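Keep in mind the model is a prediction, meaning the values are calculated, not measured. Values below: every heavy atom of this structure, side chains too, minus hydrogens, waters and symmetry copies. When a ligand or atom number is given, it counts from 1 through the structure's own listing order.
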Amino acid sequence: MAQQASKLLWQLQQVGFSYGNLPVLHDLNLQLKKGCCYGVLGPNGSGKTTLLDLLCGLLLPTAGRIELGGAALSSWRSKALAGKVALVPQDFVVRFGFSVREVVEMGRHPHLGRFSGLSDQDYALVDSVMEELGIATLADRQVTRLSGGEKQRVAVARALAQDPEVLLLDEATSNLDVYHSLSILGAIRRRIRKKGLTVIAALHDLNLATFFCDQLIFLKNGRLLYQGALDEVLQAQVIRDVYGVDAHVRLDEFSGCRQVSYKIPS
Ligand code: ADP
């Protein structure tokens, strides 16, 4: 029992959220555990981004309670939260002419003392993350001049340089080609295995979710429809309920993952 509690990271109790008078999340009850990789799935507008913004404290629930590490999320100091949780947002915007290297270095800021700069160890970490994500050759380029996919890789690199305990990914691979999607998700999975990183990723692509996630959370119209281990919940009936399409789920021998094919119901 005690071991179960120590693995618990977030606890959401009857959480609701409204933008002004538009309710978008209703009565969410969730327990998210350390070291797991959760995929948050659902149709457009079902509340995935709003849920991630609530988990990292960018938004405050309008109903219910969110706890992180056993304490109310609202009681966390912003620097402590930034040292623990990194968010890769859907629209990664850098307005000024920072270089790629400078943006990735920003990932280290939550770990620095008030007046201290980056140490040799910090620079080494930044270098190795840029190398791992294939952006070392872009180091001196201005981020504002990169393509959408290149910017996404910089956003993920900044989050990994933060060396967080939890990584929140909001459609972080939507602009990437298949090679870069798989290599970035592979880099993240290595951190799950080696460091016990926890990942919560909003994804559109169910076939990417089967490659990447252990647990799936399906939202529809702001409500939690299904949650469970990938093998349990990735079923044709679930996909039909959530997305309104016919689906066929099979184990693909080549990739070793489940694969989903779809068609519009006749
Ligand atoms: P998803 O990520 O699943 O596409 P979102 O969480 O982005 O869903 O949006 C959920 C709902 O909230 C949608 O109906 C969207 O139009 C609305 N919404 C999102 N952001 C805002 C906002 N800043 N102000 C008002 N409504 C918003």
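- Atom 22 (C) of ligand 1 has as its closest protein heavy atom Tyr19 CD2, 3.5 Å.
- Here Thr173 contributes atom OG1 and Leu203 contributes atom CG; the two are 6.0 Å apart, rounded to the nearest 0.5 Å.
- In this structure, atom 10 (C) of ligand 1 lies nearest to the protein heavy atom Gly45 O, 3.5 Å.
- If you look at Thr49 next to ligand 1, the close heavy atoms, those under 4.0 Å, come from the backbone and the side chain alike.
- Taking the charged nitrogens against the carboxylate oxygens, Asp163 and Arg108 have no contact shorter than 4.0 Å, which rules out a salt bridge.
- For atom 16 (O) of ligand 1, the nearest protein heavy atom lies 4.0 Å away or farther.
- Within the listing of ligand 1, atoms 4 (O) sit less than 4.0 angstrom from a heavy atom of Asn44.
- By the 4.5 Å heavy-atom criterion applied to side chains, Leu52 and Leu169 are not counted as neighbours.
- Partner of Met130 under the side-chain contact (heavy atoms from CB on, under 4.5 Å) criterion, chosen from Val154, Ile135, Leu125: Ile135.
- In this structure, atom 8 (O) of ligand 1 lies nearest to the protein heavy atom Gly47 N, 3.2 Å.
- Distances between N or O atoms of Ser46 and those of ligand 1 include at least one value under 3.5 Å.
- Shortest contact from atom 11 (C) of ligand 1 to any protein heavy atom: Val24 CG1, 3.4 Å.
- With a heavy-atom cut-off of 4.0 Å, Pro43 touches ligand 1 through its backbone alone.
- From Tyr243, atom OH reaches atom OG of Ser46 across 7.0 Å, with rounding to the nearest 0.5 Å.
- Distances below 4.0 Å separate heavy atoms of Lys48 from the following atoms of ligand 1: 1 (P), 2 (O), 3 (O), 4 (O), 6 (O), 8 (O).
- Heavy atoms from other residues, nucleotides or ligands lying under 6.0 Å from CZ of Phe98 number 12 at most.
- Here the heavy atom of the protein found nearest to atom 6 (O) of ligand 1 is Thr50 OG1, 2.5 Å.
- Note that the CG atom of Leu28 and the CG atom of Leu54 stand 8.5 Å from one another [nearest 0.5 Å].
- Contact check on Asp91 versus Lys151 returns no salt bridge, with no Lys/Arg side-chain nitrogen under 4.0 Å from an Asp/Glu carboxylate oxygen.
- On a distance-only criterion, Gln90 and ligand 1 share no N/O pair closer than 3.5 Å.
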